[in-house]
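Below is one structure, written out as structure tokens, with a few remarks after it.
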Amino acid sequence: MHEDIERILVTEEELSAIAKKLGEQITRDFAGKKLLVIGVLKGSIYFLTDLSRYIDLPCTIDFIQASSYGSGTVSSNNIKIIKDVADDLTGFDVLLVEDILDTGRTLKHIVDMLSNRNANSISIITLLDKPARRVADISADYVGVDVPNEFVVGYGLDYDQFYRNLPYIGVLKEEIYNS
């Protein structure tokens with residue numbers, strides 16, 4: 001599996017430091033608020049787990065799952081909600097946790113959908129930001145690191161459901177997804 005990686009972009013140590021730094025920032029920014037952390041499945045699971053350990057506030061956690069990629073590498077623009085949030089958002093300050101903000105279409109769709117559910121606020125945190133590919137009018141309130149316009153996997157990010165369990169973020173060799 002590691003042999004499919006061209007190079008490592010973000011190491012395990014860097015990922016841990018990012019989660020700690022952002023978790024401490026969330027703790028400061030959401031102090032005194034009723035925090036609901038919503039992970040965007042499946043990619044956010046590792047980041048959300050590590051991040052939440054550094055949020056020193058009472059919070060609840062829920063999940064939403066949307067898909068626009070299927071097994072390809074390019075968004076289909078056909079976004080479907082596979083699993084919706086179970087919690088009532090009324091009175092909560094929502095923090096959406098995303099693995100990567102790429103085109104922004106899926107996240108924009110989720111934010112628009114959740115905006116009608118009486119949350120006090122909706123903020124976005126993304127581990128990776130890929131602004132070169134953004135087409136939707138959306139940005140994150142908190143960003144771990146910007147990444148170049150390359151196909152990245154690991155730490156929750158996948159190609160055709162594989163590579164999520166890599167402990168780092170790496171660039172996938174092009175021959176893997178173009179074969």
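- Within the 3.5 Å criterion, the main-chain N or O of T11 finds a donor-acceptor partner in the side chain of E14.
- Using a 4.5 Å cut-off on side-chain heavy atoms (C-beta onward), L101 and K130 make no contact.
- In this structure, the side chains of V97 and V37 come closer than 4.5 Å at one or more pairs of heavy atoms.
- Side-chain contact between L22 and Y54: absent, with no pair of heavy atoms (C-beta onward) separated by less than 4.5 Å.
- Of the inter-residue distances, the one linking N118 atom CG with D88 atom CG reads 7.5 Å to the nearest 0.5 angstrom.
- Counting heavy atoms from C-beta outward, N165 and Y46 have side chains that approach closer than 4.5 Å.
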Requested in this report: Please test I64 against M113 for side-chain contact (heavy atoms from CB on, under 4.5 Å), starting from the C-alpha separation and ending with a verdict.
Outcome: CA-CA 11 Å; I64 191 165; M113 184 183 83; 3.4 Å; yes
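- Side-chain atoms of S121 and D93 include a donor-acceptor pair closer than 3.5 Å.
- Taking every heavy atom of both residues into account, P167 and L15 meet most closely at O-CD1, 3.6 Å.
- For the pair K108/I79, no side-chain contact is recorded, criterion being any heavy-atom separation below 4.5 Å from C-beta on.
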Query raised in the report: Does the side-chain contact (heavy atoms from CB on, under 4.5 Å) test come out yes or no for K42 and Q161, once each step is laid out?
Result: CA-CA 9 Å; K42 297 178 185 171; Q161 300 299 324; 3.4 Å; yes
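- Taking the side chain as every heavy atom from C-beta outward, I125 and L95 approach each other to under 4.5 Å.
- S123 places no side-chain N or O within 3.5 Å of a backbone atom of D141 that could act as its donor or acceptor partner.
- Counting all heavy atoms, side chain and backbone alike, A119 lies closest to V94 at CB-CG2, 3.9 Å.
- If you run salt bridge (charged side-chain N to carboxylate O under 4.0 Å, His left out) between R117 and each of D62, D112, D84, D87, only D84 comes through.
- Under the 4.5 Å side-chain heavy-atom criterion for grouping Ile, Leu, Val, Met, Phe, Trp and Tyr, V10 is connected to L51 within one hydrophobic cluster.
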Cut-off 3.5 Å, no hydrogens considered: what does the side-chain donor-acceptor table look like for residues 142-155, sequence neighbours left out?
unit_1 : atom_1 : unit_2 : atom_2 : d
Y142   : OH     : D29    : OD2    : 2.7
E150   : OE1    : R7     : NH2    : 2.4
E150   : OE2    : R7     : NH1    : 3.2
E150   : OE2    : R7     : NH2    : 3.1
Y155   : OH     : D50    : OD2    : 2.5

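- One finds the CG atom of L114 at 5.0 Å from the CD1 atom of I122 (value rounded to the nearest 0.5 Å).
- The closest donor-acceptor contact from the side chain of R134 to the backbone of D102 lies under 3.5 Å.
- Using a 4.5 Å heavy-atom cutoff, the side chains of K33 and N120 are not in contact.
- The heavy-atom pair separating L35 from P58 by the smallest distance is CB-O, 4.2 Å.
- No more than 12 heavy atoms of other residues, nucleotides or ligands lie within 6.0 Å of NZ in K20, so this atom counts as exposed by the packing criterion.
- Checked by atom type and distance alone, the side chain of S16 never pairs as donor or acceptor with a backbone atom of E12 at under 3.5 Å.
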Query - Intermediate values then yes/no, side-chain contact (heavy atoms from CB on, under 4.5 Å), L166 and M1 - result: CA-CA 8 Å; L166 289 171; M1 184 164 67; 3.6 Å; yes
Requested in this report: For I169 and L127, run side-chain contact (heavy atoms from CB on, under 4.5 Å): C-alpha distance rounded to whole Å, both residues' side-chain angles, the deciding distance at 0.1 Å, then the answer.
Outcome: CA-CA 10 Å; I169 305 290; L127 173 61; 4.3 Å; yes
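- Nearest heavy atoms, I26 versus L57: O-CD1, 4.0 Å.
- For the pair K83 (side chain) and F63 (backbone), a donor-acceptor distance under 3.5 Å is present.
- V171 has its side chain out of reach of I5: every pair of non-hydrogen atoms, C-beta onward, lies at least 4.5 Å apart.
- Residues L172 and Y163 share a closest heavy-atom pair of CD1-CZ, 3.8 Å.
- No donor-acceptor contact under 3.5 angstrom links the side chains of E24 and T27, judged on distance only.
- Panel note: side chain D99, backbone L157; no donor-acceptor pair is recorded below 3.5 Å.
- Using a 4.0 Å cut-off between charged side-chain N and carboxylate O, D56 and R28 make no salt bridge.
- For the ring pair (Phe, Tyr, Trp, His ring centres under 6.0 Å) test, residues two or more places apart in sequence or in another chain that qualify with Y168 are H2.
- L41 and I110 sit in two unconnected hydrophobic clusters of ILVMFWY residues. Membership requires side-chain heavy atoms under 4.5 Å apart, directly or through other members.
- Atom CZ of residue R53 and atom CG of residue L48 lie 10.0 Å apart, to the nearest 0.5 angstrom.
- Between D158 and R164 there is a salt bridge, since a side-chain N of the basic residue sits under 4.0 Å from a carboxylate O of the acidic one.
- For S139 against I124, the heavy-atom pair with the smallest separation is O-CD1, 3.8 Å.
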